[in-house]
Amino acid sequence: MPIAGEFLDGDQVFLSIGGQTCGKTVFPNEDGALIARHFAHFINATYVGVWASVSGNTLTITARSPRPAYSYTFQAWKESNQNSSGTVT
């Protein structure tokens, strides 16, 4: 999932994995790579059914098993200031 563009102070980025939502408020001068690393650390410390890795500003979330019990829904979104160009897809 690329996290790109320019985020502004106060923007919020959210991920929902299997219906459990986690989020991050953006502080001044934070870019997509830093936001991606934040989510990877949080996911790897909190979730047991998935793990995360980062390459640049791209966050990859992988299920720990191909079994149906480890099949999760995923959604990403942001809530932002009017002039923010940051994106999560």
- Could you name each residue pair satisfying side chain to side chain donor-acceptor pair (under 3.5 Å) that touches residues 32-54, not counting sequence neighbours?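 Qualifying pairs, neighbours excluded: none.
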Handout entry: Test log, rule side-chain contact (heavy atoms from CB on, under 4.5 Å), inputs Val13 and Val26
Key = CA-CA 8 Å; Val13 180; Val26 177; 4.3 Å; yes
For Phe14, ring pair (Phe, Tyr, Trp, His ring centres under 6.0 Å) partners two or more places apart
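With neighbours one apart ignored, the set is Trp77.
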message = Given 3.5 Å as the limit, does a donor-acceptor pair link the side chain of Ser85 with the main chain of Glu6, or not?
response = yes
- request: Indicate if Leu34 and Ile3 have the same hydrophobic cluster label, given that clusters are the connected sets of ILVMFWY residues with side-chain heavy-atom separations under 4.5 angstrom.
  value: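 Leu34 does not cluster with Ile3.
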query: If Ile, Leu, Val, Met, Phe, Trp and Tyr residues are connected whenever their side-chain heavy atoms lie under 4.5 Å apart, and connections chain through other members, are Phe7 and Phe27 in the same group?
result: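 Phe7 and Phe27: separate clusters.
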Closest approach of [X] and [Y], non-hydrogen atoms and distance?
X	Y	value
Ala36	Gly56	CB-O, 4.4 Å
Val54	Ala40	CG2-CB, 3.4 Å
Thr25	Gly10	CG2-CA, 4.3 Å

Pair listing, salt bridge (charged side-chain N to carboxylate O under 4.0 Å, His left out) test, anchored in residues 7-30, at least two apart: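 Salt bridge (charged side-chain N to carboxylate O under 4.0 Å, His left out) check on residues 7-30 returns Lys24-Glu30.
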**Message:** With salt bridge (charged side-chain N to carboxylate O under 4.0 Å, His left out) as the rule and sequence neighbours excluded, what pairs involving residues 50-70 come up?
**Reply:**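 Not a single pair qualifies under salt bridge (charged side-chain N to carboxylate O under 4.0 Å, His left out).
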Tell me, do Leu8 and Asn83 make a side-chain contact under 4.5 Å, heavy atoms counted? yes
Residues passing the side chain to side chain contact (heavy atoms under 4.5 Å, CB included) test with Ala76, sequence neighbours excluded, are Met1, Leu15, Phe74, Val88
Among residues at least two apart in sequence or on other chains, which ones pass side chain to side chain contact (heavy atoms under 4.5 Å, CB included) with Thr87?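 Partners of Thr87 under the side chain to side chain contact (heavy atoms under 4.5 Å, CB included) test: Ala4.
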*Atom CD1 in Ile61, atom CD1 in Ile43: separation rounded to 0.5 Å?*
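Here the interatomic distance stands at 3.5 Å.
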